[in-house]
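Here is how names work: the chains are called A, B, and so on, in the same order as the sequence lines, proteins then strands, and each is numbered from 1. Values in this document were obtained by computation on a predicted structure and should not be read as measured data.
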2 protein chains.
Amino acid sequence: MYSAEGDGGMDGLATPAAEVAPGRRTVTQRAIEQIKQMIAAGELRPGQRLPTERDLAAQLGLSRSSMREAIRALTVLGVLQARHGSGIYVTELGAGDLLETFGLMAEVVRGEQLLELLQVRRLLEPTATAMAAARITEPELAEVERHLLAMEDTDDPEELLTEDLAFHRAVVAAAGNPTLAAIVEGLSSRTFRARLGRGRQEPGVFAQVRKDHARIHRALAARDPEAARAAAAVHIAEVEDWLRAHMDDWR
Amino acid sequence: MYSAEGDGGMDGLATPAAEVAPGRRTVTQRAIEQIKQMIAAGELRPGQRLPTERDLAAQLGLSRSSMREAIRALTVLGVLQARHGSGIYVTELGAGDLLETFGLMAEVVRGEQLLELLQVRRLLEPTATAMAAARITEPELAEVERHLLAMEDTDDPEELLTEDLAFHRAVVAAAGNPTLAAIVEGLSSRTFRARLGRGRQEPGVFAQVRKDHARIHRALAARDPEAARAAAAVHIAEVEDWLRAHMDDWR
DNA sequence: TGCAGCACATTGGTCTGACCATTGAGGTGG
DNA sequence: CCACCTCAATGGTCAGACCAATGTGCTGCA
């Protein structure tokens with residue numbers, strides 16, 4: 001749409017390191033690109049501390065204000081982390097760090113896109129659950145069971161939501177792919193489900209969720225991937241149906 | 001005049017809309033949250049123009065510098081868009097806008113996580129391709145074919161990469177789920193594949209890619225979802241195998 | 001009358017320099 | 001030897017100035 005073109009590959013420099021960045025529009029954008037590239041090139045390692053804002057600004061040739069904007073940008077993107085009084089550090093660059101922003105979509109989006117989002121989850125979570133069934137360990141299974149039981153022991157909607165989320169998180173975490181887990185996590189963010197949850201307080205819904213979770217847990221305990229996949233698929237399909245029926249509320 | 005008296009929780013406003021945000025650490029973080037919430041609450045609609053930086057800063061009670069950091073943050077997150085000399089606008093909040101940052105992960109990540117990323121793609125793209133086969137239109141199919149032929153007509157690695165990306169983009173776009181398309185797009189970002197591509201220039205590889213693409217195209221033309229799914233799965237599995245074999249290069 | 005083109009107010013982009021608040025290391029005294 | 005204090009380093013915030021792109025309205029020529 002608006003994204004002009006991209007970086008033309010015109011500069012045939014020897015690229016001493018990674019301090020070169022094409023003429024982006026703003027100096028801040030350039031700084032973002034430069035730091036990003038330093039990380040991509042491995043010059044900055046996870047956990048490593050960067051120079052101070054003042055030094056960085058001097059090195060890259062811009063003012064501290066603009067450098068701060070660049071740092072802020074990389075901070076919200078989960079690449080950097082600033083500690084007041086201490087310094088600026090590269091995050092661990094784990095899936096959790098980098099995909100934290102993924103949940104934003106679930107917070108802001110409306111209407112049709114909510115369905116699209118749920119559809120993606122329907123593609124991922126059943127498979128993730130099946131993967132979990134194939135490799136889940138006893139402690140992981142116990143964790144899943146813990147949240148299953150906690151959810152059966154309470155009727156407080158708030159706590160139910162918390163345990164519901166924790167249950168799914170525990171299941172997907174057992175799939176052994178942290179990146180996948182972080183993505184699914186973003187698709188099921190608290191905000192997202194809270195939005196869905198409004199008016200979903202009918203007892204029948206909760207009972208159904210509990211049954212679904214129990215079925216998923218049984219499949220995991222039996223190490224039966226296909227049963228797990230099916231159970232997860234049914235669970236999500238129910239949410240999807242419900243959302244489709246109540247779509248008008250967000251139009 | 002910022003140290004005045006500290007923000008006591010004394011203001012018992014009727015909370016006119018969504019201008020309340022808990023005591024985040026920094027004023028900038030608070031501003032980010034406030035603007036985000038205004039959008040989530042529907043007070044700011046897609047495409048709408050915001051007040052000027054100066055006015056916004058005054059309204060939310062912080063300096064222009066800090067407000068600029070907040071705006072920069074929401075800009076890189078794909079929520080806002082600043083136009084020099086014109087103003088600040090809410091983006092269309094489309095999947096493309098909000099998931100642009102998703103590609104960052106492919107740029108920065110290394111080692112094991114590359115495999116995790118590719119595994120997620122393996123979960124999504126075959127299904128997306130199958131969906132496309134079930135509903136692709138003639139113009140969309142023509143677009144796919146165009147990139148298929150373009151890729152067979154050139155041997156320039158750069159152009160091959162471009163057409164390779166465009167081919168996949170066209171296929172996934174035909175699946176009818178823009179959110180899914182944006183996610184897969186992020187998983188296959190140019191940077192990512194460029195990194196993979198280094199040393200992947202052996203003619204045999206290109207020939208294989210061309211055959212895979214042709215197979216996918218045939219399945220789409222035949223409107224055969226399962227054949228399409230299989231063709232896409234094979235294609236990705238090949239990349240995955242190659243990466244697994246050459247992992248050491250990024251360790 | 002119509003429209004090309006200039007002038008200028010608006011608004012984002014950048015810089016400078018100051019001060020505040022937190023952190024952590026090094027020194028001090030019990 | 002350790003608790004405590006002091007203080008330099010460093011991120012967080014603010015203020016005000018100027019630059020640069022934009023868009024609008026007025027001017028003046030055809």
Item checked: Exceeds 12 heavy-atom contacts within 6.0 angstrom, atom CD of A:Glu140 -> yes
Notebook entry, point to check: With sequence neighbours left out, which residue pairs that include part of residues 59-68 of chain A fulfil the salt bridge (charged side-chain N to carboxylate O under 4.0 Å, His left out) condition?
Noted result: A:Glu53-A:Arg64, A:Glu53-A:Arg68, A:Arg68-B:Glu69
Tell me the interatomic distance from [X], atom [atom1], to [N], atom [atom2], rounded to whole angstroms.
| X | N | atom1 | atom2 | value |
| --- | --- | --- | --- | --- |
| B:Leu56 | C:dT10 | CG | P | 18 Å |
| A:Arg25 | C:dT14 | CZ | P | 12 Å |
| B:Ile71 | C:dT11 | CD1 | C1' | 11 Å |
| A:Leu60 | C:dC15 | CG | P | 11 Å |
| B:Ile32 | D:dT13 | CD1 | P | 10 Å |
| B:Arg30 | D:dG12 | CZ | P | 14 Å |
| A:Asp55 | D:dT10 | CG | P | 7 Å |
| B:Leu74 | C:dG12 | CG | C1' | 16 Å |

Next item on the list: Return each pair, listed once, that meets ring-ring contact (aromatic ring centres under 6.0 Å, His included) where at least one residue sits in residues 59-90 of chain B; pairs must be two or more places apart or across chains.
Entry: none
Check: the helix from C:dT1-D:dA30 to C:dG30-D:dC1: angle between its terminal axes, five pairs each, to 10°?
Finding: 0°
Margin query: Taking side-chain hydrogen bond (donor to acceptor under 3.5 Å, both in side chains) as the definition, give me every residue that meets it alongside A:Thr28, ordered by chain and number, with sequence neighbours left out.
Written below: none
Checklist line | Nearest listed nucleotide, side chain of A:His84, among C:dT11, C:dG13, C:dT22 | finding: C:dT22
Margin query: Looking only at the side chain of B:Val27 (C-beta and beyond, no hydrogens), which of the listed nucleotides C:dT14, D:dT13, C:dT23 gets closest?
Written below: D:dT13
Next item on the list: Give a yes or no on whether a salt bridge exists between B:Arg146 and B:Glu143, defined as a side-chain N under 4.0 angstrom from a carboxylate O.
Entry: yes
Check: Under a 4.0 Å N-O cut-off, is there an ion pair linking B:Lys36 with B:Glu33?
Finding: yes
Next item on the list: Apply side-chain contact (heavy atoms from CB on, under 4.5 Å) to B:Val90 and list each qualifying residue two or more places apart in sequence or on a separate chain.
Entry: B:Ile39, B:Leu44, B:Leu50, B:Leu80, B:Leu93
Notebook entry, point to check: When all nucleic acid strands are considered with a 4.0 Å heavy-atom cut-off, which category describes B:Arg54: base, sugar-phosphate, or nothing?
Noted result: base
Margin query: Could you walk me through whether A:Leu77 and B:Leu77 satisfy the side-chain contact (heavy atoms from CB on, under 4.5 Å) test, starting with their C-alpha distance in whole Å, then the side-chain angles of each, then the deciding distance to 0.1 Å, before giving a yes or no?
Written below: CA-CA 8 Å; A:Leu77 291 177; B:Leu77 291 178; 4.1 Å; yes
Item checked: C:dT14 OP1/OP2 closer than 4.0 Å to side-chain N/O of A:Thr28 -> yes
Note to self: So, does A:Arg49 get its side chain near the phosphate of D:dT10, meaning an N or O under 4.0 Å from OP1 or OP2?
What the structure shows: yes
Note to self: Could you check whether A:Glu159 and A:Thr162, counting side-chain N and O atoms only, form a donor-acceptor pair closer than 3.5 Å?
What the structure shows: no
Next item on the list: On DNA chain D, check which nucleotide each of B:Thr26 and B:Tyr89 is closest to and give me the residue with the more 5' one.
Entry: B:Thr26
Checklist line | Contacting residues from residues 61-70 of chain A, given that a heavy atom lies under 4.0 angstrom of DNA chain C | finding: A:Leu62, A:Ser63, A:Arg64, A:Ser65, A:Ser66
